[in-house]
*Asks:* 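Sending over a structure as structure tokens; questions will come in a sec.
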Amino acid sequence: VQLQACGGGLEQPGGSLRLSCAASGRSFSGDVMGWFRQAPGKEREFVAAIKLLGGSTYYADSVKGRFTISRDYAKNAEFLQMNSLKPEDTAVYYCAATARPKPLLPITIRQTRQYDYWGQGTQVTVSS
């Protein structure tokens, strides 16, 4: 399974960007997809996650109310709509997915070690 992320770029503070990620390859049987980000000199951090069945969503406090995660269940794809962007949102954004159904809790769904597949990352830069 490969994850392909796209949609990053340069945006001004207050602007919007939309990231996309699709899973391809062998039959994908995971049930959670997520977004993480990593700024220079910092650890990779959780941004948002969605359960493909049912559509439950989870957000980091820093993006709640500004970012919206969604999914296309039939296409094994996820999206991250980022509004009201701030300079501190600048980072490489990675999409991730589980390889098989996992009973993840709201606290464990935020852990990088729960995810088995990772995309190559897409740069998001917020600057005037």
*Asks:* Could you walk me through whether Thr98 and Val32 pass the side chain to side chain contact (heavy atoms under 4.5 Å, CB included) test, one step at a time?
*Replies:* CA-CA 6 Å; Thr98 56; Val32 176; 3.9 Å; yes
*Asks:* What verdict does the side chain to side chain contact (heavy atoms under 4.5 Å, CB included) test give for Glu78 and Ile69, after you've listed the backbone C-alpha separation in whole Å, the side-chain angles of each residue and the deciding distance to 0.1 Å?
*Replies:* CA-CA 7 Å; Glu78 64 168 346; Ile69 189 171; 3.5 Å; yes
*Asks:* Do Ile109 and Lys51 have side-chain heavy atoms sitting under 4.5 Å apart?
*Replies:* yes
*Asks:* Apply side chain to side chain contact (heavy atoms under 4.5 Å, CB included) to Asp116 and Lys102, showing your working.
*Replies:* CA-CA 11 Å; Asp116 307 290; Lys102 290 184 179 181; 3.6 Å; yes
*Asks:* Keeping Thr122 on the side-chain end and Ala5 on the backbone end, is there a donor-acceptor pair under 3.5 Å?
*Replies:* no
*Asks:* Identify the heavy atoms of Leu3 and Ala97 that sit nearest to each other, and give their distance.
*Replies:* CD1-N, 3.8 Å
*Asks:* Can you find a heavy atom in the side chain of Leu17 that is under 4.5 Å from one in the side chain of Leu85?
*Replies:* yes
*Asks:* Which pair of non-hydrogen atoms, one from Gly121 and one from Val92, has the smallest distance, and what is that distance?
*Replies:* CA-CG1, 3.8 Å
*Asks:* Same cluster for Leu53 and Leu105 if Ile/Leu/Val/Met/Phe/Trp/Tyr side chains link at under 4.5 Å?
*Replies:* no
*Asks:* Kindly compute the distance separating CD (Glu11) from OG (Ser127), expressed to the nearest 0.5 Å.
*Replies:* 11.0 Å
*Asks:* State, without any angle test, whether Ser16 and Asn83 hold a side-chain donor-acceptor pair at a distance under 3.5 Å.
*Replies:* yes
*Asks:* Please determine whether the number of non-hydrogen atoms from other residues, nucleotides or ligands lying under 6.0 Å from atom CD of Glu43 exceeds 12.
*Replies:* no
*Asks:* Any non-hydrogen side-chain atom of Met33 less than 4.5 Å from a side-chain atom of Leu52?
*Replies:* yes
*Asks:* Treating Ile, Leu, Val, Met, Phe, Trp and Tyr as nodes and any side-chain heavy-atom pair under 4.5 angstrom as an edge, say whether Leu19 and Tyr94 lie in one connected cluster.
*Replies:* no
*Asks:* Are any side-chain N or O atoms of Thr90 and backbone N or O atoms of Val126, one a donor and one an acceptor, separated by less than 3.5 Å?
*Replies:* yes
*Asks:* Inspect the contact between Asp89 and Arg37 and indicate whether a charged nitrogen and a carboxylate oxygen are less than 4.0 angstrom apart.
*Replies:* yes
*Asks:* Taking only residues at least two apart or on different chains, which pairs with a member in residues 30-83 satisfy ring pair (Phe, Tyr, Trp, His ring centres under 6.0 Å)?
*Replies:* Phe36-Phe46, Phe36-Tyr115, Phe36-Trp118
*Asks:* Look up atom CD in Gln12 and atom OG1 in Thr125, then write down how far apart they are to the nearest 0.5 Å.
*Replies:* 13.0 Å
*Asks:* Considering only heavy atoms from C-beta outward, does the side chain of Lys86 approach that of Arg66 to under 4.5 Å?
*Replies:* yes
*Asks:* Any chance you could measure Met82, atom CE, to Thr68, atom OG1, to the nearest 0.5 Å?
*Replies:* 11.0 Å
*Asks:* Is it true that Cys95 and Cys21 have SG atoms closer together than 2.5 Å?
*Replies:* yes
*Asks:* With heavy-atom distances below 4.5 Å as the criterion, would you say the side chains of Gln4 and Gln120 are in contact?
*Replies:* yes
*Asks:* Should Pro13 and Pro87 count as side-chain neighbours, where that means a heavy-atom distance under 4.5 Å?
*Replies:* yes
